[in-house]
Structure formats: structure tokens, C-alpha cells
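Quick notes on the structure that follows.
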Amino acid sequence: QVQLVESGGGVVQPGDSLRLSCAASGSGLSAFSLGWYRQAPGKQREMVAMITSDGATTYGRSVEGRFTISRDNAKKEVNLIMTSLKPDDTAVYYCTAAWGIYWGQGTQVIVSS
């Protein structure tokens, strides 16, 4: 069983940066792809960033160039550095593992002036 716990959300102003972290527990995590999705009010959940077990990354079009995903297998963490935040980035951000098999509870990010 894999458990994921997100942290780092909050309220920031446009242009600010924020770091989200996801602490994972369970076995076999180093073999899993890890990533982040987000869901804004009234919208479908969308992929933000994914990182494979060997470190290959994929980003959603709306965040590419502004967000950076990384993983630390020893610490069982996946992190998301978000820069140049925009109001459209406001959403609940979810950590996921194994291509959507496991999900965290989410952390709220609000970008507002």
C-alpha cells in the first residue's frame, strides 16, 4: 500500500514562487512514476508534471518553463517548484504515483492579488 501526503500549498501573489512536496510511504516507490495533477473549481483534473523512475519529465503545456518537478527516492519525496505563478494556477494540487493508481488528499494553491 502506498500513501501520499502533500504539503506546501498556500496563498501567494501573482509572480510569486511556491514549493509543493509530497511525502510517500510504502514499498517499491523508486520503480513508480510520480507526479502532480491539479483541479480548479468547475474544471477537470489536469496533469501538471510527471517524472518517471529514471528521471524523465513531462509537463503540462500551461506550466512548462515555469514549474520543475524532481524526486528524491531515498527520502521518498516528489517536489514541485512553481515559479511565475498566475491566477490560473489556482487549484487543488494532487500528488500521484504509479500513473494514477495512488493519490494524495491534495493541497490548495491560491494565486491572488
Side-chain angles (χ1 to χ4, degrees):
Q1 185 70 18
V2 174
Q3 292 186 327
L4 304 170
V5 179
E6 303 95 335
S7 62
V11 181
V12 296
Q13 294 187 338
D16 283 355
S17 299
L18 201 61
R19 179 177 183 264
L20 303 183
S21 294
C22 174
S25 61
S27 60
L29 288 168
S30 62
F32 293 161
S33 291
L34 302 171
W36 294 89
Y37 277 64
R38 68 185 182 187
Q39 188 165 19
K43 295 186 177 181
Q44 288 188 329
R45 192 172 293 191
E46 65 171 344
M47 190 273 288
V48 176
M50 298 294 297
I51 185 166
T52 65
S53 57
D54 59 2
T57 57
T58 303
Y59 294 94
R61 181 181 300 180
S62 62
V63 307
E64 192 156 16
R66 298 188 298 123
F67 292 10
T68 303
I69 189 171
S70 63
R71 64 187 292 164
D72 186 329
N73 290 331
K75 294 182 178 180
K76 295 186 178 181
E77 286 183 356
V78 58
N79 299 303
L80 185 69
I81 305 293
M82 306 185 293
T83 65
S84 301
L85 283 161
K86 307 174 182 179
D88 284 349
D89 295 317
T90 294
V92 178
Y93 284 70
Y94 297 92
C95 178
T96 183
W99 295 109
I101 293 178
Y102 304 104
W103 292 91
Q105 294 298 308
T107 185
Q108 176 78 57
V109 173
I110 297 174
V111 184
S112 175
S113 56

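Below, each value reflects all heavy atoms present in this structure, side chains not excepted, and no hydrogens, waters or symmetry copies.
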Notebook entry, point to check: side-chain contact (heavy atoms from CB on, under 4.5 Å) with V109: which of V11, D89, L18?
Noted result: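 Of all the options given, the one that passes is L18.
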Taking [Y]'s backbone N and O only, do any of them form a donor-acceptor pair with [X]'s side chain (distance below 3.5 Å, no angle check)?
X    : Y    : answer
K76  : G26  : yes
D72  : K75  : yes
T90  : V111 : yes
E6   : Y94  : no
T83  : R66  : yes
Y59  : M47  : no
T96  : Y102 : yes
Q108 : A91  : yes

Item checked: Set of residues satisfying side chain to side chain donor-acceptor pair (under 3.5 Å) with respect to S62, sequence neighbours excluded -> R38
Notebook entry, point to check: Does S33 have any side chain to side chain donor-acceptor pair (under 3.5 Å) partners at least two apart in sequence or in another chain, and if so, which?
Noted result: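 For S33 the side chain to side chain donor-acceptor pair (under 3.5 Å) partners, ignoring immediate neighbours, are W99.
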Do [X] and [Y] have side chains that approach each other closer than 4.5 Å (heavy atoms only, starting at C-beta)?
X   : Y    : result
L4  : W103 : no
W36 : C95  : yes
M50 : Y37  : yes

Item checked: Distance-only side-chain donor-acceptor flag, S17 / R19, under 3.5 Å ->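 No, because no side-chain N or O of S17 sits under 3.5 Å from a partner of the opposite role on R19.
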Checklist line | By salt bridge (charged side-chain N to carboxylate O under 4.0 Å, His left out) - contacts of R71 (at least two apart) | finding: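 Here no residue qualifies.
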Margin query: What's the separation between atom CD1 in I51 and atom CG in N79, rounded to the nearest 0.5 Å?
Written below: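 Result: 9.5 Å between the selected atoms.
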